[in-house]
Amino acid sequence: MNYDQKILAYDLIIFGAKGDLSKRKLLPALYQLEKSCKLHKNTRIIGVGRANWDKKKYRQIVKIDIINFSNEKINLDIWNKFSKKLLFCNIDVNNTSSFIKLQKIINQDRKILINYFAMPQHTFQALCKGLKKFKLNLSKDRVILEKPLGNSLKSSKKINIQISKLFKENKIFRIDHYLGKETILNLLSLKFSNSIFFTNWSNKTIDHIQITISEEVGIEGRLSYFEETGQMRDMVQNHLLQILSIIAMSPPINLKSNNIRNEKLKILKSLRTIDIKNINTHTIRGQYKSGVLNNITVPSYIEEIGIKKYSNTETFVAIKVNIDNWKWYGVPFYLRTGKRLQKKYSEIVIYFKPVTMNLFSKYSHNLPLNKIIIRLQPNEGIDIFITNKIPGLDSKYMLKEIKLNFDYKKTFKNLRICDAYERLLLDSFLGLQSLFVSRDEIEVSWKWVDSIIHAWKSSKSKLEFYKAGTLGPQSSDYLLKKDGKYWNNL
Ligand code: BG6
């Protein structure tokens with residue numbers, strides 16, 4: 001299956017239609033798919049929630065959401081076409097018998113169903129019960145699951161078992177929205193279609209790799225969720241480990257979903273365990289204090305959650321990761337992510353080993369390491385740093401580090417970078433699973449993360465505090481410094 005296949009008609013059911021995800025991401029993304037002619041004219045989008053709305057009211061509300069959350073002016077012709085697809089069904093998901101209303105709508109014109117669970121995971125059991133009772137999970141039907149899936153290996157297994165009773169693995173689409181980002185998708189092309197990279201992508205040439213996801217936002221009102229979750233479960237278990245596995249994976253035999261996912265899985269299985277023995281040398285955890293961000297004083301994490309005097313939840317994590325396989329043995333991967341940091345940006349930095357001998361030592365004592373910076377967001381692009389001779393007669397071999405720069409916006413001037421959810425929804429319609437996380441990947445990631453969280457608890461590791469608006473706790477610099485390395489800061 002590929003992007004050339006015919007677009008079919010589906011019924012997309014959004015459980016959690018009144019929620020933030022649906023308003024901010026899903027509906028604006030679906031509107032864009034309409035604009036790009038990627039929705040069949042008979043496709044229906046059925047919002048499910050607890051509200052006395054009819055389709056007219058729902059359409060009014062969605063129109064406002066699209067106006068508010070799209071980066072462009074709404075096009076009324078497209079909107080008119082799109083709005084006809086929208087229906088609403090008032091259901092209390094805890095009341096299984098109320099699913100009969102949904103069944104009635106579906107059976108007016110039974111197509112393949114795509115059930116989107118945009119609701120907290122504790123509702124999944126009730127959702128499954130309703131779907132099963134009213135036969136909304138026929139063998140061709142699909143389910144899309146939003147993260148988080150569990151908060152430990154045990155709880156994620158429980159969810160996976162529950163869902164697998166209704167849907168086969170090839171009908172389950174587990175979202176990690178980072179996988180839908182254009183720049184993440186490009187990692188495969190970058191690595192596997194350029195021999196200069198492909199032949200230099202291993203411990204033979206690479207010194208170390210840094211992956212940073214730095215956020216300006218705090219916890220945005222998600223008090224109890226974040227207090228239970230922390231940055232490790234919120235960002236590392238999914239987004240960072242997924243990026244790491246794509247960066248490190250070997251070429252799949254082709255682009256079929258299972259082959260890509262199996263290569264990522266091999267990496268996740270090769271991560272060296274971090275436990276009580278190496279927790280202090282390999283991880284840093286921090287929490288933000290009040291500080292100034294974009295000229296505004298923002299409260300500390302504790303003030304933001306407003307419940308306790310003390311919380312042990314981390315809002316910043318830095319980890320030194322080792323991959324124990326032939327290709328990556330000896331190459332540290334440093335991951336860091338935090339909330340309320342100085343700038344919102346995500347990037348991967350690949351540092352190459354030095355040349356074996358410095359022929360130019362008379363002119364430049366230390367040659368800088370070649371590095372590639374992959375800017376995932378914002379200002380999407382790639383910078384390659386090389387050493388070059390400064391032109392002129394003053395010195396024969398005066399060298400300088402220079403930057404070769406590729407910028408998406410300049411190179412692809414007339415092309416829009418689509419939102420991750422547009423691609424993910426489209427792929428789920430097409431039945432393509434490569435950008436979704438397999439059950440095995442999720443479970444192996446949780447196993448690795450559980451060990452770290454367990455070690456933090458049993459070693460009573462202390463939180464390091466950092467001021468909002470900074471780069472995180474200072475100790476995160478030491479994590480690299482003791483290996484003779486430094487974070488690439490903006
Ligand atoms: C989500 C996390 O998965 O990703 C949020 O739950 C986080 O806490 C968000 O802020 C970051 O996504 P993006 O696309 O803005 O980098």
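Any value given below was found using the heavy atoms of this structure, including those in side chains, with hydrogens, waters and symmetry copies removed. In listed order, ligands and their atoms are each counted from 1.
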- Query: So Q377 and T183, side chain to side chain donor-acceptor pair (under 3.5 Å) or not? Walk me through it.
  - Reply: CA-CA 8 Å; Q377 63 182 30; T183 44; over 6 Å; no
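Using a 4.0 Å cut-off between a side-chain N of Lys or Arg and a carboxylate O of Asp or Glu, E228 and R222 do not qualify as a salt bridge.
Counting only distance, with no hydrogens or angles, the side chain of S22 and the backbone of K18 share no donor-acceptor pair below 3.5 Å.
Taking R336 as the reference, nothing meets the salt bridge (Lys or Arg N to Asp or Glu O under 4.0 Å) condition, with sequence neighbours excluded.
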Extract all N/O-N/O pairs under 3.5 Å that connect ligand 1 to the protein, and present each with both atom names and the distance rounded to 0.1 Å.
residue  : atom   : partner : partner atom : Å
ligand 1 : 3 (O)  : K147    : NZ           : 2.8
ligand 1 : 3 (O)  : H239    : NE2          : 2.7
ligand 1 : 4 (O)  : H239    : NE2          : 3.4
ligand 1 : 6 (O)  : K147    : NZ           : 3.0
ligand 1 : 6 (O)  : R222    : NH1          : 3.2
ligand 1 : 6 (O)  : D234    : OD1          : 2.7
ligand 1 : 6 (O)  : D234    : OD2          : 3.4
ligand 1 : 8 (O)  : R222    : NH2          : 2.5
ligand 1 : 8 (O)  : D234    : OD2          : 2.6
ligand 1 : 8 (O)  : K339    : NZ           : 2.9
ligand 1 : 10 (O) : E215    : OE1          : 2.4
ligand 1 : 12 (O) : H177    : NE2          : 3.1
ligand 1 : 14 (O) : H177    : NE2          : 2.8
ligand 1 : 14 (O) : K181    : NZ           : 2.6
ligand 1 : 15 (O) : K344    : NZ           : 2.8
ligand 1 : 16 (O) : Y178    : OH           : 2.5
ligand 1 : 16 (O) : K344    : NZ           : 3.3
ligand 1 : 16 (O) : Q377    : NE2          : 2.9

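Screening residues 148-158 for side chain to side chain donor-acceptor pair (under 3.5 Å) gives N151-S155, S152-S155 as the qualifying pairs, with residues at least two apart or on separate chains. Listed by first and then second residue, the salt bridge (charged side-chain N to carboxylate O under 4.0 Å, His left out) pairs that reach into residues 461-476 come to none, sequence neighbours excluded.
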